[in-house]
Amino acid sequence: MENSFYAITWTDVLVSLVLMVMTFVLIRWWKIDLGKTLLIGTIRTFVQLTLMGYLLTYFFRQDNWIFMVGLVLIMILIAAYEGYSRQRSHPIPNYFMILAGSMLVTVILVLGLILQFILHTEPWYYPYAMIPIAGMIIGNGLNSATLTVNRFIGEINHREKEIEMLLSLGAPPRAAIQDALRESVKAALLPNVNAMMTVGLVQLPGVMTGQILSGIDPLIAVRYQIMIMYMWVTTATMMNILVLALVYRRFFTPQWQLKRELLRMK
Amino acid sequence: MTNRHFYIFKLILALVSAVENNYLYQLNDISRNIQGVQILDGISLNIQSGEFLALLGPSGSGKTSLLRLFNGLDSPTAGTLDYHGKRIEGWDIGLLRQQVGMVFQEPVVVAGSVRDNLIICHRWEKSIKPVSDLDLLATLDKVGLQSIDLQMDARSLSGGEKQRLALARVLLNQPQVLLLDEPTASLDHNLAHRIIRRVAELHREMNLTCIMVSHDPTLVRRFAERVVFLHEGQIAEDGPVAILNQPTTSQLQAYLAEEQ
């Protein structure tokens with residue numbers, strides 16, 4: 001093969017269903033109760049991604065910065081709502097606004113830096129760069145924030161007595177909760193940091209694999225991947241710190257009291 | 001000072017306070033209601049500086065809930081609470097809590113050495129001057145922890161030692177008031193009495209006001225000067241510790257009968 005690029009056809013995609021058939025056979029063999037969910041998953045993957053392909057084709061044709069910015073804002077709102085609804089068992093006041101605001105700040109800083117100073121896109125809202133990168137920042141930021149907030153709630157439950165002891169000695173809330181904040185951010189960042197250690201050694205990241213499959217020079221694919229790895233860790237760190245800086249305050253009254261009722265499961 | 005002199009001194013102090021209406025704490029019709037549950041109901045109470053007061057009552061009677069109001073760990077939902085003649089909400093909360101120390105039921109030590117635990121306030125109070133090891137050891141000595149190494153991992157201490165460490169940590173703030181939330185509940189009888197005896201001595205030496213939650217009438221009889229008996233969030237009896245010998249209310253009679 002002269003050029004490694006091969007445009008996969010719809011027929012090829014249908015053939016790839018053979019993989020799913022193999023999966024079905026295996027789980028039926030072991031009588032694992034997952035058949036229905038797996039079937040729905042298979043169909044949803046197909047439908048959602050196909051729709052996304054058409055949508056992206058439409059988006060990429062738009063040459064309008066207001067449209068692009070609007071699109072990114074909608075993505076942020078959807079992600080914030082998703083994160084908010086995952087937090088129902090432990091409702092945090094204003095959590096939706098906290099997530100949306102933190103994501104907005106992170107996206108503006110990280111995406112702005114990447115588009116302007118790394119990819120030098122022309123125009124600045126160049127859709128082929130802006131949409132997928134914004135999607136990665138928002139998606140990764142959401143996952144990391146969910147992890148860190150869950151861990152944080154676990155930490156304050158676990159450290160309730162320690163926090164109240166520190167408050168009773170005259171510690172401001174920030175000092176009383178400092179160790180819980182640090183532990184939560186660290187725990188949520190660990191997967192990202194570990195990924196930096198093993199990337200390329202164990203497996204090739206999805207983005208890079210995709211690029212190489214579509215015929216991009218591996219050295220270019222690698223450069224993109226390096227940038228993406230740095231972007232992931234920065235996004236996760238910024239999101240975690242912004243979200244927690246706003247979330248921890250919800251657990252205290254202005255009189256430096258721990259709102260113990262928020263710790264109990266709803 | 002002999003015991004008699006001490007009580008005369010106390011009496012004079014009480015008279016002066018009463019004349020000047022100069023109570024340390026004044027609670028006026030305090031209630032606390034959490035999600036529809038009445039925890040405290042119409043509590044009115046005056047506490048003078050230098051008292052050793054015990055809050056006695058069965059579990060769920062509101063003792064700890066009442067205690068937590070004195071350093072603002074919780075707020076009343078109705079009524080007013082004055083400290084040194086000023087509404088508690090008006091106080092600088094950090095300053096208030098330095099003056100009103102608290103020892104909890106379960107001793108909490110943070111990860112680190114005994115020294116780290118003692119000087120934990122330096123984490124947020126950058127301006128306070130460093131405390132020398134000699135001062136730290138002197139404070140440990142006050143609470144009866146003579147043979148402890150400052151470098152030792154605080155988590156390796158026994159329950160009783162941790163509780164004394166917690167007490168020493170509070171004393172380093174030089175408090176005027178000491179709140180004790182059944183600090184010896186998890187300790188054996190002898191150790192519990194030893195620790196509270198030490199507190200009672202500090203109360204006398206430093207003129208420290210002590211407010212202690214307890215469900216142990218023996219401990220209260222032995223060390224407290226005044227008893228407030230709580231029943232279902234209300235004050236059922238309030239008086240000198242001698243009222244435990246002649247309880248007037250049926251609730252206190254029933255409670256003492258059950259505890260003996």
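In what follows, chains carry the letters A, B, and so on, assigned in the order in which the sequence lines appear, proteins first and then strands, with residues in each chain numbered from 1.
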Rounded distance (nearest 0.5 Å) linking atom CZ of B:R97 with atom CG of A:L167: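 Separation between the atoms: 5.5 Å.
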Let me know if [X] has heavy atoms under 4.5 Å from chain A in its side chain, its backbone, both or neither.
| X | value |
| --- | --- |
| B:E106 | side chain |
| B:D74 | both |
| B:R169 | both |

salt_bridge(B:R123, A:D179) N-O dist < 4.0 Å: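 Result for this pair is yes, salt bridge flagged.
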[X], [atom1]: over 12 other non-hydrogen atoms inside 6.0 angstrom:
| X | atom1 | answer |
| --- | --- | --- |
| B:E201 | CD | yes |
| A:F96 | CZ | yes |
| A:D33 | CG | no |
| A:M52 | CE | no |
| B:H122 | NE2 | yes |
| A:M227 | CE | yes |
| B:K86 | NZ | yes |
| A:K259 | NZ | yes |

Selection from B:V109, B:N173, B:N71 maximising heavy-atom pairs under 4.5 Å formed with chain A: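 Going by pairs under 4.5 Å, I would pick B:N173.
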Are [X] and [Y] close enough that some pair of their side-chain heavy atoms sits under 4.5 Å apart?
| X | Y | value |
| --- | --- | --- |
| B:F104 | A:M165 | yes |
| A:E162 | B:V110 | yes |
| B:I34 | A:E261 | no |
| B:M102 | A:E164 | no |
| A:W256 | B:L73 | no |

A:Q257 side-chain N/O to B:G72 backbone N/O, donor-acceptor pair under 3.5 Å: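 Answer holds: yes.
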Top contributor to chain B contacts, counting heavy-atom pairs under 4.5 Å, from A:R174, A:Q178, A:Q255: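 Max contact count across the listed options: A:Q255.
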Taking every non-hydrogen atom, the tightest pair across B:W124 and A:G170: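 Answer, listing the atom of B:W124 first, then A:G170: NE1-O, 3.4 Å.
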Chain B contact via A:R260 - which portion, at a heavy-atom distance below 4.5 Å: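 Only the side chain of A:R260 comes within 4.5 Å of chain B.
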